[in-house]
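For clarity, every value in this text was computed on a predicted model and none was experimentally measured. Below, read A as the first sequence line, B as the second, and so on, with proteins coming before strands; counting in each chain starts at 1.
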Protein chains: 2
Amino acid sequence: MFLSTRVRYGVRALIELGMNYQKQSVLLKDISKRQNLSLKYLDHIFMQLKTKGIIKKIKAKKGGYLLAKPPEKITLYEIIEAIEGVRRIECLDDENICSRSSHCGARIVWKRLNAKVDEVLKNITLKDFIRESKKFEQMDESVVFSV
Amino acid sequence: MFLSTRVRYGVRALIELGMNYQKQSVLLKDISKRQNLSLKYLDHIFMQLKTKGIIKKIKAKKGGYLLAKPPEKITLYEIIEAIEGVRRIECLDDENICSRSSHCGARIVWKRLNAKVDEVLKNITLKDFIRESKKFEQMDESVVFSV
DNA sequence: TGAAATTCTATTTATTTAGTAGGATTAATT
DNA sequence: AATTAATCCTACTAAATAAATAGAATTTCA
């Protein structure tokens with residue numbers, strides 16, 4: 001499994017929104033600083049996430065972004081779909097693309113593979129990312145207090 | 001899940017070898033004709049498969065290739081590894097690549113995702129491809145006889 | 001020894017991904 | 001109402017990867 005940097009940056013940014021879910025909106029500028037990512041690049045990514053209804057914007061001074069729905073309802077599948085599109089083996093979506101489709105054993109297996117991977121991606125949500133991130137936050141705190 | 005054309009061509013060619021397993025070696029030229037794939041491109045792909053011990057060659061007139069082991073022992077994971085290399089998110093293999101690694105919640109989830117996808121790929125073998133391909137062969141035969 | 005196969009290295013072309021630039025638009029704040 | 005700090009949008013460039021081609025070297029059966 002390989003994920004584009006776009007998806008990985010997107011997830012890292014979404015984690016920040018998720019950490020503030022139902023608290024306040026987050027500025028792209030701040031995410032860009034904290035995560036050390038190009039503001040312009042994040043800008044692109046967020047445009048796509050917004051179009052797909054994963055985040056909402058507040059466009060004005062002191063604006064920013066927030067999640068459009070609870071973290072547990074945002075799947076990794078959805079995030080990937082929004083950012084890189086579901087890039088499938090062509091013949092799966094359109095069997096006319098290859099003349100062998102109607103009698104291709106490989107295609108059957110590709111379909112099965114695809115379904116399994118999709119399932120894995122749909123079973124991971126932003127909540128999982130947030131849960132793991134919070135563990136590290138807690139560890140950092142405990143270090144501070146134990147010194 | 002997206003697979004490069006290299007992997008897909010490779011699998012299609014391996015199916016042909018698998019169909020002839022323990023019968024005779026298959027010429028790249030013939031595969032190239034039957035599957036309508038560039039001989040030179042297949043050449044590249046087969047070189048990699050050979051290096052990784054998936055196929056064996058007979059280099060001479062009337063030579064060709066054959067599987068180095070039974071189809072059920074050749075996993076899709078292995079084929080992908082041979083042809084495109086395991087292209088993982090960089091920080092999984094080398095945590096020094098990113099300063100956030102030691103306290104990155106996302107990385108934990110990437111690891112989990114990776115393990116799951118690898119498992120799926122390791123549970124699909126060349127035998128699965130051959131089984132599905134043979135079904136179509138049988139269908140074709142039954143059509144011939146029923147006409 | 002000739003012919004038919006694989007082997008190997010280099011090169012080219014196309015596609016995708018990553019990243020940058022700059023101005024337009026929006027609306028809260030002053 | 002003007003200012004300002006944010007998102008929005010389009011276009012472009014550069015780098016990396018994937019796809020494909022070319023041509024000659026090597027091997028060994030017949």
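- If you measure from atom NZ of B:Lys40 to atom P of D:dA22, you get 9 Å, rounded to the nearest angstrom.
- Of the two residues contacting DNA chain C, namely B:Lys29 and B:Arg87, the nearest-nucleotide position lying further toward the 5' end is that of B:Lys29.
- Residues that satisfy the side chain to side chain donor-acceptor pair (under 3.5 Å) test with B:Lys134, not counting sequence neighbours, are absent from this structure.
- Below 30°, between 30° and 60°, or above 60°: for B:His44 and B:Tyr41 the angle between ring planes is between 30° and 60°, a tilted geometry.
- B:Glu81 and B:Arg87 are not joined by a salt bridge, as no carboxylate oxygen comes within less than 4.0 angstrom of a charged side-chain nitrogen.
- Sorted by first and then second residue, the pairs that involve residues 61-107 of chain A and meet ring-ring contact (aromatic ring centres under 6.0 Å, His included), not counting sequence neighbours, are A:Phe46-A:Tyr65.
- Atom CG of A:Asp43 is separated from atom C1' of D:dC9 by 8 Å (rounded to the nearest Å).
- The distance from atom CZ of A:Phe46 to atom P of D:dA6 is 15 Å, rounded to the nearest whole Å.
- Boundaries of the chain B contact region on DNA chain C are C:dA4 to C:dA10, first to last in 5' to 3' order (nucleotide atom under 4.0 Å from a heavy atom).
- Rounded to whole Å, the distance from OH on B:Tyr9 to C1' on D:dA20 is 9 Å.
- Checking A:Lys62 against A:Ser38, the closest nucleotide of DNA chain C that is more toward the 5' end is the one next to A:Ser38.
- Rounded to an integer number of Å, the gap from NZ of A:Lys56 to C1' of D:dC8 is 18 Å.
- Between B:Tyr41 and D:dA18, a side-chain N or O to OP1/OP2 separation shorter than 4.0 Å is absent.
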Full working for side chain to side chain donor-acceptor pair (under 3.5 Å) between A:Glu84 and A:Ser4: CA-CA 8 Å; A:Glu84 28 181 68; A:Ser4 66; 2.5 Å; yes
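- Between the side chains of B:Arg6 and B:Gln48, no donor-acceptor pair is found at a separation under 3.5 Å.
- A:Tyr65 has its OH atom 9 Å from the C1' atom of D:dA6, to the nearest Å.
- B:Lys57 places its NZ atom 9 Å from the P atom of D:dT27, with the value rounded to the nearest Å.
- Of the candidate nucleotides D:dA11, D:dC8, D:dA19, D:dA11 has the atom lying nearest to any side-chain atom of A:His44.
- OP1 or OP2 of D:dC8 sits under 4.0 Å from a side-chain N or O of A:Lys50.
- B:Lys61 places its NZ atom 16 Å from the C1' atom of D:dT26, with the value rounded to the nearest Å.
- Aromatic ring centres of B:Trp110 and A:Phe129 lie closer together than 6.0 Å.
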